[in-house]
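Lettering of chains follows the sequences in order, A, B, ..., and the numbering in each one begins at 1.
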Amino acid sequence: MFLIDCPYCKESRDQNEFSPAGEAFIARPQNPEALSDEEWADYVFYRTNHKGDHWEQWVHTAGCRKYFLVKRSTISHEIIQVSTFGEIDSENAS
Amino acid sequence: MSKSKNEIEPIFRSTFDPVTDGDGFLINQKNLISQEVSGNSLLVLRTSKSSTNNTKAAKDIFNLKLPGALEMTNGDNDSKCFWISPDEFWVLLKPNHKMEIEGKLASLPTGVSISDNSGAYGILEFTGDQTNNLLARWMSYDIEDSLKDGKAVSTTFGQAPVFVYRHKQSLFMMVRHSFSHYVAGLLKDSAKRL
Amino acid sequence: MQKKYSWYSLLKAGLSNQEWDKAIPLSKPKSKYDVIIIGGGGHGLATAYYLAKECGITNVAVVEKGYIGGGNTGRNTTIIRSNYLRDEASSLYEHSMRLWEGLSEDLNFNVMFSQRGVYNLGHTLQDMRDIERRVNANVLNGVDAVVVDHKEIKEQIPIINTSKNVRYPIMGASFQARAGVARHDGVAWGFARAASNLGVDIIQNCEVIDIEIEEGRVKGVKTTQGDILADQIGCVSAGHSSVIAKMAGLRLPVESHPLQAFVSEAMKPILHTVVMSNAVHGYVSQSDKGDLVIGAGIDGYNSYAQRGSAKIVEHCAAAILELFPIFSRVRMNRQWGGIVDVCPDACPVISPTKVEGLYFNCGWGTGGFKATPGSGNVFAHTIAQDKQHELAVPFHVDRFTTGALIDEHGAAGVAH
Amino acid sequence: MRIANHKSSLIDYSKPLSFIFNNKSYKGYQGDSLASALIANNVLYFARSFKYGRKRGLMGAGVEEPNALVSLEIGGRYTPNMKATEVMLYDGLSAVSSSNPNSFDFRAMIKPVHRFMPAGFYYKTFIKQKVWSLVEDSLRSLSGFSKAPSEVDEDVYDHVFQHTEILIVGGGVAGITAALEVLNHSKSARVILVDERENLGGELINEFSTDESSFAWHKDNVKKLLKFKNEENSRLKILTSATAYAWYDHNYIEVLQTNATGQSTLSEGVQSARKALHKIRAGEVILATGAHERPMLFETNDLANIMLSQSVRRYLEEFGVISGKKVILYGNNDSIYSTAIDLNNNSINCKVIDARAPGGESEIVLKAKDSGIDVLQGYAVKKAKGTSSITGIEISKVELQSKPPHWQSKWRLNKDTQTLECDLLATSGGFNPVVHLDCHCGGKTYFDEYSQSFLPQKERKNRKVCGAVNSVGFWKDAIVDAKNKAQQTLESMGEVKKASIQPLSKECLNYYKVDRFFTPIEILNKPKVFIDMQNDVTTLDVALAIREGYQSIEHIKRYTAMGFGTDQGKTGNINGIAVAAEFLDVPMSEVGTTTFRPAYTGVDFGAMAGREVGDFFDPQRYTTIHDSHVESGAEFEVVGQWYRPWFYPKHGEDMHQAVNRECRAVRKSLGMMDASTLGKIDVQGKDAREFLSRVYTNAWMKLAPGSCRYGLMCNEKGMIIDDGVSTCINDNHFIMTTTTGGAASVYSTLEMWLQTEWSDLDVHLNSVTDQFSTVAVVGPNARKLMEILCQDVDFNKDSFKFMQWRPGTVCGVNARIMRISFSGELAYEINVEANYGRFIWDQVAIAGRPWNITPYGTESMHVLRAEKGFIIVGQDTDGSMTPMDVNMNWILAKDKPFSYIGRRSFSISALNTNDRLQLVGLLTKDDQVVMPEGAHIISNKGVSIGYVTSSYYSPALGRSIALAQLKGGLSKMTETVLVKIVQEKQGLKEIPCEVSSSVFYDINGEKVDGNE
Ligand SMILES: Cc1cc2nc3c(=O)[nH]c(=O)nc-3n(C[C@H](O)[C@H](O)[C@H](O)COP(=O)(O)OP(=O)(O)OC[C@H]3O[C@@H](n4cnc5c(N)ncnc54)[C@H](O)[C@@H]3O)c2cc1C
Ligand SMILES: NC(=O)c1ccc[n+]([C@@H]2O[C@H](COP(=O)([O-])OP(=O)(O)OC[C@H]3O[C@@H](n4cnc5c(N)ncnc54)[C@H](O)[C@@H]3O)[C@@H](O)[C@H]2O)c1
Ligand SMILES: Cc1cc2nc3c(=O)[nH]c(=O)nc-3n(C[C@H](O)[C@H](O)[C@H](O)COP(=O)(O)O)c2cc1C
Ligand SMILES: [Zn+2]
């Protein structure tokens, strides 16, 4: 049962207030119509599913209802960093 | 026939009305009393990214100062403003106050919106030193230590979303109408075993 | 050749000092194999077995990073059934079911396949519509299935709560009589023993850490026990499929999530069949040792740790009590998790890849144990012929590009 | 046997209790455990083992006990598989052995066959599927311990969330010390101290009579703790009879606390739960869980009255009982001497067999010798003698081997044996730190040569270990260690600047030293050397597993079932590991442990579920009008979490009759429905239109204020996920409705798009589902009724058109009235603030009497909408249908600039084949036959080409109608297809149907304006 620091509420809350919302940095393509079927499938279905430190989205469902970014180890479940959208993107995420 | 119908005064039924006792108590026992506070209006104020806009809107419309994270502010006539998220504030008004405000809504600045959610929530007030113990049966939030006077948080109660705040000696919990039976059921059941 | 298991051999061993051959010989890697199978779970071992037995390819190694059967094969609730909704899926699972029915004999190893029937309960009108639809589809596909009403359920399972006045009253169920459970470890060991008997090397404590590719074709693997060359590589590593894919520069339409299960303390037999409920999120059977084997739900976050969240397990216990209130004082003895590889359409990928000679068999998610022999069988043929077995064709990874998904969320439902 | 006048610590001799065990009455005292009370009554046999049905006595005194399983009470309080050692005695208690040691047991009778049933027996037998099916049930009936309960639990279980800065697990000397240390040095930190036992003190209590100062320390420090606890605004919680059984991520620890009475009570409305599950989130954890003793191995080591040395001591010290008169102590470490001295002090005849060679004795050994205890050093027990309980032992001298053939077998036994008599053998092979909890969530262990045990990993985030679990066994050192760890904890919390650390004494090391843990190979190769008592796993089973290639400790565990029992191998596993090391010829550290998992000790399912059972299993959501539906006798349908009226039977009507009546009322005159459950989302902001255009497939830019529009929502796969009507309040304000079941997921999906992708859009979403109560007034007479109810709206059909809305006052209440229809009839939906919902419903009902207004439920709603061919997302679609598949191409905007959600997928190949399942109508040739939903349509080859999604009897048409998904259905209009019924319910087999449009009633839509 994770304890997650909501970057908006600025408080640690129990996992049962949050919902996971998938891998981070999967941007919706600007112009889907211009993509090949492979590229589109890659966006819709394919995931990195990283073993190790993993950037993902969570939403504070029962709290402020904000989506935010979490870097969490998928091996130890340790949360390494939380951040709001905008603060971090796929470029400067480490 | 039709005429006489319309003369009937509309009957307002408060959220917890079906589950409270004849005296209006949900729970009434040693060290713990829970009653509904009804008749308030609840407006959801959504704000733009520009904070000056927001501050001004809050001031103009409600004569309220916007609170910071997990706080509430108090305004005229016992009105309150709660922080829900960086762009969402709930304004709790005394009943008669709402009409007055509706007039001003037309002139909302861009990026600011208000929706009326008065019917969506019921408010329970808890007093007595068993309050924390009771709520801890169903809430993962650290109410005892973290919910100090003036603090306001949205969290869960069992599987229901709720909003709680502490004001002076009392703890208040806002519950969505459709979850009120469920929440009342949990509260009454747990109160038996404090 | 290993000695056969029989009453005679048991008697003989009992009189001597229990002299038995190694069921699972410990092998060291050779420098080169025709085929390397990555992952010594049930599916991987079955693949190796059928490669050797049906495809005549015996120069095969199964490379396992831990101990064989230590992945999901060794941590699942062992429910076996073939009553899937879509034709493609039900053909594959039914193929598997037929193999199960002769498996112990085929392997000369009792995997304790117990056909005690499986009930999938319906609690809402829509559940019942879905059940009706699935059962009808099953019957048309030659899969045994019936719809039973709550009275029949009560007759068959007297301890179940069929009261109308509960949160999720039981309205009916689908029932597959040939379905059941098997001894999970036995399945891995039985395949391993039979495969090694045919010449397959089973290499444990050997983790694949890289895949060697030359000009778009696989060359071999790097492992913690050194480099091994191979003409073809089959990856059957369940929760770790994406990790292996990455070594080959690929991505998969798969995510890894924790799925949990728990067992009670052992009791005298009380539940003689398998009961599953999607609506309340739980499923239960009683093992031959007497423990209730209970499967919980899946956690929504990605994880490679074999553990999940308490709330999922607790909700599952509550669900089991909805169905069986008399279990309230029964105690949980142990609880664990596995890493399941979930595909967006709840169906597996059995497929060649862009890399020549590299094949994936993954995405079985929460329900691949039942497919173990069938999956190994079609995957073996797929590798041997370098062409998908006809039952595997719909499970090509390209379906995510073409859109020919085989949506089994209804039938797969809650984890099982 | 009870020792007269033993000044034992826990027994209250003034409170005698009576109880029943295996149908015989006994007496005990307050403070006894069931086990100690039975020892006092000279009961030797408690149960039988799993595989061979061997009679077994007690081995331990606490949670480690593998043998003594009993079931407690009957009926709604029946509890299976309790360890007699963990049941505290109360008056009237009744228990029976899980597997009665005094009655006939088939397993025990087939002794000669046991040698043919080695580990893995079943894998090698009954290999034919048919044979296995025949024998499995009879084999099953031999398995298991207690019978399962047969009645519903009388008691309840609570969950309690707890938060603390520091959680201390274990209330022995280490835990007590740590608690006091942090309380003394921190002003604000909250502390929770838990212990599974009834009293604080742990093993220290056993020191009281040998070491007076331990008694004084205990009294003094427990008093200090209680002072902290009783302070006003106390920061300390002490939970006793409370087991920390699981450790989850981020220091979330679950503790199961048992009510003192073991049952719940109900008096004058105040109830207590039988057990409470504390869900503790701790900043820091200090583990002070102590250590479990482990047994020595020898032949027939499972006879009754072979116990752990520390347990013998515990029975003596805590309960004043002992189960023998002539005691031998056998072990490889100093702890047997403490027990010996204790026994000696109580004038109980005892003798020590020490496996260690003479020389270099520590103080306690000398002390024992001085007090006249007979000590034999350098001897090992080969075998226990006796049939079911021990009568004596065979011992031999231990010899060191110069060139050991195996890694561990440094020693072997001399051939000469002596026999010694005894009626109780107490053994100690050293101690296993209770690392279980620490390993549940990623903690590792390492092998410590000195104590020959697995110790918890030294450093872990936000966790410290102290006392015996940290291999600091001597109580005075445990105090030092605990203070040190408490200091370090405070330091890491920033409560003290620098932790003050004191050194441990020299004695400390000796205390824990274990020598000659390994059992000589001569013994290991004997039959009936039991490792796991509960599952009858022997050394030979382990050897066989290894010979057969099951060599990983995890394989050994699974092949032999070692550690699978209710004790989870607390005493046995370590010996299993040692034996495996021996046979594998590798060090123990290389063998390693199996994985430690929750639960540390068993947790009742009832406690796991807590109060989330029955009515509280899942929220039941009601509309504000719910009471009225109940009063009207409605049957309810559960949709998502909502309870919706399904139909309103009158005067003994069945559903069919009720639905026919309701439908007819709607079509002919007037019906009313509670539509409050639909999800409602308030969409505001200047980009609201743009937003709707992106998430719906159709166009929204031109919808005028005052109008409503139906929308269809897809996911990126192009599949339909939701539908509903959205209303334009003004250019910046819309109210979207969603399906009842889909509300929550649609809302969060929409928020996701806004927050993660389209943060540039000026749009705010608010859920207003609960804000409005919605009463639908439906039927040709709807307008007449509305005109009565609401005077400030013009209901003329040309001014208030279909798909428009008007603000108005209904019976004095502000309302939004939408003219939308899910039935094809003239219909209005009155939306009012929820608190007026019931009032408006009642007013509508009263005012509608002249038209015989009829409330109708979801079933009639389904029939009515099916007659009109309106789909229900989730019933007529299943997550794999596109808008094209349901013949709704008209709802796909072609020229929206933004590629709305799902649109790109419409062009991929598989979504454009002509054999996709498509939604059509089906008309049975025999118009009175109603097909079962879910029945399949078959091709002439007999394979499925589709299925029935919705099927009803249409009262309006006087015939049956159905919707179906049919392969290529849209191009098969008027063709005849066969629907196959596989369950021959009404004697039907194949039903011929005509494929038709999915609109059956009022095809041209003339009814929507109602009666003029
Ligand atoms: C709790 C739970 C309950 C379940 N219940 C059911 C059920 O009731 N019915 C059902 O049909 N299915 C069930 N399943 C699903 C089922 O267990 C799996 O689908 C199935 O066992 C997968 O088998 P496998 O052989 O593909 O995978 P695994 O058994 O997981 O084997 C994969 C192997 O690959 C190895 N590996 C990974 N990476 C490497 C590497 N780099 N190098 C070498 N080896 C590697 C792993 O160690 C592992 O042993 C359940 C799963 C879980 C977790
Ligand atoms: N060699 C040794 O290690 C050894 C030998 C004999 C006696 N002792 C004695 O052990 C004591 C050491 O003190 P200590 O405090 O470290 O250990 P302890 O055994 O006295 O106390 C540990 C306490 O933790 C409890 N506990 C364990 N796991 C728990 C869980 N999961 N949840 C709740 N409670 C749990 C135990 O019931 C026990 O009361 C000394 O009194 C010493 O004399 C040690
Ligand atoms: C079908 C099944 C039944 C099991 N029964 C028991 C049991 O009776 N006792 C037990 O301790 N563990 C039982 N286990 C759990 C294993 O001990 C173990 O937890 C599981 O295989 C996962 O491995 P791990 O805990 O070593 O990671 C069972 C596992 C499965 C899959
Ligand atoms: Zn938040």
Whatever's closer than 4.5 Å to a heavy atom in chain D on C:W100 counts as backbone

- [ ] With the side chain counted from C-beta on, respond yes when C:R167 and D:Q641 share a heavy-atom pair under 4.5 Å apart, and no when they do not.
- [x] yes

message: Any non-hydrogen side-chain atom of C:N333 less than 4.5 Å from a side-chain atom of D:Q568?
response: yes

Most heavy-atom pairs under 4.5 Å with chain D, out of C:A23, C:A13, C:G190, belong to C:A23

In the structure I gave you, are the side-chain heavy atoms of D:I556 and D:Q551 within less than 4.5 Å of one another anywhere? no

Answer with yes or no whether the side chains of C:S328 and D:D153 bring together a donor and an acceptor at under 3.5 Å. yes

- Task: Indicate whether the side chain of D:D618 and that of C:Y168 have a donor and an acceptor atom separated by less than 3.5 Å.
- Result: yes

Under 4.5 Å to a heavy atom of chain D? For C:A319 that would be both

Chain C shares the most heavy-atom pairs under 4.5 Å, among D:D878, D:V638, D:V943, with D:D878

Counting heavy-atom pairs under 4.5 angstrom with chain C, the leader among D:S950, D:A543, D:C441 is D:C441

If one checks every heavy atom of C:R116 against chain D at 4.5 Å, the contacting part turns out to be side chain

So, the part of D:Y947 with a heavy atom under 4.5 Å from chain C: the answer is side chain

Within the structure provided, determine whether C:V111 and C:R183 are in side-chain contact (heavy-atom separation under 4.5 Å). no

Counting heavy-atom pairs under 4.5 Å with chain C, the top scorer among D:E612, D:K147, D:E136 is D:E136

Exercise for the section: Please check if the distance between the ring centroids of C:Y5 and C:W20 is under 6.0 Å. Expected result: yes

Derivation of the side chain to side chain contact (heavy atoms under 4.5 Å, CB included) call for D:E637 and C:T124 = CA-CA 8 Å; D:E637 182 187 0; C:T124 63; over 6 Å; no

* Asked: According to the interplanar angle, ranging from 0 to 90°, do the rings of D:W132 and D:F126 count as parallel (below 30°), tilted (30 to 60°) or perpendicular (above 60°)?
  -> tilted

Under 4.5 Å to a heavy atom of chain D? For C:I159 that would be neither

Bottom line for D:H862: the part with an atom under 4.5 Å from chain C's heavy atoms is side chain

Given C:D288, C:L11, C:I270, C:D87, the one with more heavy-atom pairs under 4.5 angstrom with chain D than any other is C:D288

The interface call for D:K717 against chain C, heavy-atom contacts under 4.5 Å, is side chain

Among C:E19, C:R193, C:R86, the residue with the most heavy-atom pairs under 4.5 Å to chain D is C:R86

- Message: Do D:S99 and D:F50 have side chains that approach each other closer than 4.5 Å (heavy atoms only, starting at C-beta)?
- Response: no

Okay, D:D137 and chain C: the region with an atom under 4.5 Å from a heavy atom over there is neither

When the 4.5 angstrom heavy-atom criterion is applied to D:S944 and chain C, the contacting part is both

Using only heavy-atom distances, determine whether the side chains of C:T402 and C:D398 contain a donor-acceptor pair under 3.5 Å.
no

Greatest number of non-hydrogen atom pairs under 4.5 angstrom with chain C, of D:L544, D:V613, D:D249, D:D615, falls to D:D249

Bottom line for D:P619: the part with an atom under 4.5 Å from chain C's heavy atoms is backbone

Has the side chain of D:R558 got a donor or acceptor atom that lies under 3.5 Å from a matching backbone atom of C:G69?
no

If you tally heavy-atom pairs under 4.5 Å between each of C:M128, C:Q306, C:K4 and chain D, the highest tally belongs to C:Q306

_With a 3.5 Å distance limit and no angle check, can you tell me whether D:S71 reaches the backbone of D:S98 through a side-chain donor-acceptor pair?_
no

Looking only at C:N161, C:L292, C:N110, most heavy-atom pairs under 4.5 Å shared with chain D are made by C:N110

query = Would you say the side chain of C:E265 lies within less than 4.5 Å of the side chain of D:P80, judging by non-hydrogen atoms?
reply = no

When the 4.5 angstrom heavy-atom criterion is applied to D:K279 and chain C, the contacting part is side chain

With chain C, the option among D:Y78, D:Y559, D:Y245, D:Y252 that has the most non-hydrogen atom pairs under 4.5 Å is D:Y559

The interface call for C:L15 against chain D, heavy-atom contacts under 4.5 Å, is both

When the 4.5 angstrom heavy-atom criterion is applied to C:L405 and chain D, the contacting part is side chain

Cut-off 4.5 Å, heavy atoms of chain D, and the answer for C:S9 is neither

Okay, C:I68 and chain D: the region with an atom under 4.5 Å from a heavy atom over there is both

- Task: Would you check if C:Q115 and C:E101 make a side-chain contact, meaning some heavy-atom pair closer than 4.5 Å?
- Result: yes

| message | Do D:D604 and D:R274 have side chains that approach each other closer than 4.5 Å (heavy atoms only, starting at C-beta)? | response | yes

When the 4.5 angstrom heavy-atom criterion is applied to C:N108 and chain D, the contacting part is both

If one checks every heavy atom of D:Y157 against chain C at 4.5 Å, the contacting part turns out to be side chain

Requested in this report: Assess the side chains of D:W646 and D:E635: does a donor N or O sit below 3.5 Å from an acceptor N or O?
Outcome: no

So does C:R399 pair up with C:D345, basic N to acidic O under 4.0 Å? yes

When the 4.5 angstrom heavy-atom criterion is applied to D:L69 and chain C, the contacting part is neither

Turns out that what part of C:E105 lies under 4.5 Å from chain D's heavy atoms comes down to both

Counting heavy-atom pairs under 4.5 angstrom with chain D, the leader among C:P325, C:A192, C:C316, C:A318 is C:A318

One option among D:I908, D:I872, D:N81 has the most heavy-atom pairs under 4.5 Å with chain C, and it is D:N81

Whatever's closer than 4.5 Å to a heavy atom in chain D on C:F324 counts as neither

If one checks every heavy atom of C:W336 against chain D at 4.5 Å, the contacting part turns out to be both

* Any idea how D:Y550 and D:H555 line up, ring-wise: parallel (<30°), tilted (30 to 60°), or perpendicular (>60°)? -> perpendicular

Applying a strict 4.5 Å limit to non-hydrogen atoms, the region of C:H123 in contact with chain D is neither

Whatever's closer than 4.5 Å to a heavy atom in chain C on D:H159 counts as side chain

Report task. Quick one: do D:E73 and C:R329 satisfy salt bridge (charged side-chain N to carboxylate O under 4.0 Å, His left out)? Show the steps, please. Result -> CA-CA 12 Å; D:E73 306 300 343; C:R329 285 172 179 246; over 6 Å; no

Okay, C:V330 and chain D: the region with an atom under 4.5 Å from a heavy atom over there is both

Q. If we ignore angles and hydrogens, is there a donor and acceptor under 3.5 Å between the side chains of C:S264 and C:Q286?
A. no

Under 4.5 Å to a heavy atom of chain C? For D:S552 that would be side chain

